[in-house]
Amino acid sequence: MKVTKALMPTLRDVPAEAEIVSHQLLVKAGFIRRNAAGIYSYLPLALRVLRKIETIVREEMDRSDAQELLLPIMQPAELWSESGRWDVYGDEMFRLKDRHNRDFCLGPTHEEIITDVVRGEVKSYKQLPMNLYQIQNKYRDERRPRFGLMRGREFIMKDAYSFDRDSAGLDDSYQTMFDTYVKIFDRMGLDYRPVEADSGAIGGDDTHEFMVLAENGEALIAYCSSCSYASNVEITEINDTAKEKLSEKPLLKVATPDKKTIEEVAAHLEVPQDNTLKTLVFDADGEKIVVVIRGDRILNEIKLKRLLKTDFLEKADEESIQNLFNCDPGYISPLGINEITVYADNEVKYMTDAVCGANEEGYHYLHANTDRDFGEMTFSDLREVVEGDLCPKCNEPLIFARGIEVGQVFKLGTKYSESLSAKYLDENGKEQIMVMGCYGIGVSRTMAACVEQNYDDRGIIWPKEIAPYQIVVIPVQTNDELQYTEAEKIYKELLAKGYEVMLDDRKERVGVKFNDADLIGYPLRITVGKKIADGIIEYKERNQSESEQIQPDELYDKIATFFKK
RNA sequence: CGGGGCGUAGCGCAGUUUGGUAGCGCACAUGGUUUGGGACCAUGGGGUCGGGGGUUCGAAUCCCUCCGCCCCGACCA
């Protein structure tokens, strides 16, 4: 392709709305254009990258014996009512009606449709296991689309669904997909980590997220400095081990007027914040519960939700706390609480002579000791992990990193096969419910995540496996007969050898061409300038700072080596 | 959905307070001079000033209303 024929509209300025690097660079380098909030056109350069990502995904999925199909974007409401999600999904689902006033939606995901297809066609244990996938647009009416392709309302996703006879089969399918994802992201040249994660509203047991490591990632992950453990901090387990009690002083009531926050109380009493107790009140499915954690810690609501096995969990409002404790929330504690269930973080068990509220306006207690002073409480791992906490697997310190979620694998179980009755007959002719898994890769997001991880102040640095073009050939002076002819010769030769090449034949100054080349991020740049008269051309890799002067006949081996390694 | 902000040429912006012929830079077109890291000169094309309504002799500017978009929060891939 010649640049003069191509639609690759690079910009000098970036639209003010672009906030993060991947969004700015993809717009500036002429890959994407926005048509509406969270809705983008993929221009030719972007489409080439997407196709390459898809090709890698297809090859590895096919290799794992998954089969590609294509499911509809527009889906009938009936199926979603059957699974119960028509009412649950809420405003995030794009809904529409046909001319007969029948309800439809634009698929935010495809569990219902795939289960409908499979239940109609798969009847025997002999047909299982089966894994079906598609690469298809998804639609979610996000409350706030942002970060360009990271969180759009229309996006491309590879979604796969496995159907097994039983949970042992699902374990195998899950492992196969996990291994396949590792191969996929390895091939894309991304720096990523699979992490243990929360299964959230989709439900199910095991789940891993695949996180591309990037400074601006929205997710926080904790990984072990010595073993392979890694998890989303939302679920990172903490093993708080017993500590020796230093002393046990008697309880002492002290006045703390107008000192309601942990900071204020600790400062007033001249006690470190890590020797105070924080008491929180929650409304869990209509029942009030109390949670106690160390004063300087943050409660992890996901852990609490899992412990309580509840869907609805919300901080109790100030008024109901007043009614329960007869004092301001700043002075409450588990002291003398009998009628309310009390949960505490494991760490609380080992605290000595701590500060806690007196359940009386304006007073706190010094020297509270959990086992001595508090009534019955359930201990569990409830706090948010902090960097330096010990690995739950090997007790070495945990390190934090930011990541962008580009893939997730789930064990769904029978959630959808049951509600939509996807059943098969086993060896004994007995009806059984299929066991499902689902496996997603955000294709368009992966492109953005890749940019987020691979750029410098000049532009994008595509990994060579997914770059839109592999090589750009630049004649310094397009007007110069010799320079242009030689450049075109190299361009044609590279095309003939099967490379994806762009010839920058514009009558622009060379600075413009270099800047665009760096911005667009071709892995390799070949420059033909004045020195061609002496048989010398220039070879430069995008991720190297120095270029090399070489002879044209060295070029092809060099390029072959570069793309082979 | 709550709070804040913005909408003027493809992009970045000024003009709005105080109503009086719609501007600047980049990009684009033509000609010329340049030519190894976003050149220079000249000329030119391009606007329902987000839409509708109102006030006024006159509205980008004042008033009403609708729409779009961005940021923070809550939520989420």
Side-chain angles (χ1 to χ4, degrees), chain A residues 7 9-20 23-24 27-30 33-39 89-93 108-110 137-159 197-202 207-212 217-219 232 234 301-302 314-315 403-410 438-446 448-449 457-459 474-480 483-484 487 504 506-520 525 527-532 536-538 540 545 547 549:
Chain A
L7 177 63
T10 56
L11 302 175
R12 294 210 180 179
D13 301 314
V14 179
E17 68 200 36
E19 278 295 304
I20 61 167
H23 189 194
Q24 290 170 347
V27 171
K28 191 176 182 202
R33 288 292 184 266
R34 190 182 65 79
N35 302 107
I39 309 278
Y89 224 99
D91 293 337
E92 207 173 299
M93 187 150 70
T109 175
H110 284 74
N137 279 359
K138 296 279 185 274
Y139 296 83
R140 295 186 193 172
D141 194 359
E142 288 287 337
R143 283 176 182 182
R144 182 142 89 88
R146 59 180 141 175
F147 302 145
L149 296 187
M150 287 293 182
R151 174 162 263 95
R153 295 194 293 174
E154 174 183 88
F155 56 100
I156 304 171
M157 190 161 160
K158 186 281 310 181
D159 49 322
D198 179 40
S199 56
I202 300 184
T207 178
H208 286 83
E209 292 167 338
F210 285 74
M211 297 281 193
V212 167
E218 50 192 341
N232 191 313
E234 292 173 353
E301 290 193 25
I302 290 174
E314 199 174 57
K315 274 192 181 131
I404 299 162
E405 186 193 336
V406 290
Q408 184 158 23
V409 289
F410 270 114
C438 76
Y439 317 92
I441 290 180
V443 173
S444 42
R445 176 184 274 192
T446 297
D457 55 356
R458 312 202 61 85
I474 298 180
V476 171
Q477 295 217 53
T478 310
N479 294 334
D480 184 290
Q483 288 181 31
Y484 185 76
D504 198 341
R506 290 177 297 174
K507 291 182 170 49
E508 287 285 353
R509 312 182 110 226
V510 72
V512 173
K513 301 187 192 184
F514 284 163
N515 277 308
D516 274 351
D518 289 343
L519 180 60
I520 289 165
R525 187 184 84 193
T527 310
V528 181
K530 257 186 285 203
K531 289 186 181 161
I532 187 63
I536 289 173
I537 59 174
E538 185 181 288
K540 183 174 180 301
S545 54
S547 61
Q549 311 271 317

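Everything numeric in this text was worked out from a predicted model, so none of it was measured. Below, all heavy atoms of this structure are taken into account, side chains as well, without hydrogens, waters or symmetry copies.
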Look for any protein N or O under 3.5 Å of an N or O in nucleotides 11-16 of chain B and output each such pair with its distance, or none.
from   : atom 1 : to       : atom 2 : distance (Å)
G12(B) : OP1    : Ala16(A) : N      : 2.8

Could you pull out all residues at least two apart from Arg525(A) that satisfy side-chain contact (heavy atoms from CB on, under 4.5 Å)? Val472(A), Ile474(A), Phe514(A), Ala517(A), Asp518(A), Thr527(A), Glu538(A), Lys540(A)
Please pick, from G36(B), C70(B), A27(B), the nucleotide with the shortest atom-to-atom distance to any side-chain atom of Arg34(A). C70(B)
Which nucleotide wins on minimum distance to the side chain of Arg143(A), given the candidates A77(B), A74(B), C70(B)? A74(B)
State which residues pass ring pair (Phe, Tyr, Trp, His ring centres under 6.0 Å) with Tyr439(A); sequence neighbours excluded, sorted by chain then number.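 Counting only residues at least two positions away or on another chain, Tyr439(A) forms no ring pair (Phe, Tyr, Trp, His ring centres under 6.0 Å).
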All side-chain hydrogen bond (donor to acceptor under 3.5 Å, both in side chains) counterparts of [X], not counting sequence neighbours:
X: Asp516(A); result: Thr10(A), Arg506(A)
X: Lys138(A); result: His110(A), Asp159(A)
X: Glu19(A); result: none

Neighbour count >12 (heavy atoms, 6.0 Å) for atom CG, Asn479(A):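 Enclosed.
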If you measure from the C1' atom in G46(B) to the same atom in A27(B), how many Å do you get, rounded? 12 Å
What distance, rounded to whole Å, do you find between the two C1' atoms, one in G10(B) and one in G20(B)?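 These two C1' atoms come out 31 Å apart once rounded.
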Side-chain donor/acceptor contact of Glu508(A) with base of G38(B) under 3.5 Å: no
So, under a plain 3.5 Å distance rule, would you say the side chain of Arg525(A) forms a donor-acceptor pair with the base of G37(B)? yes
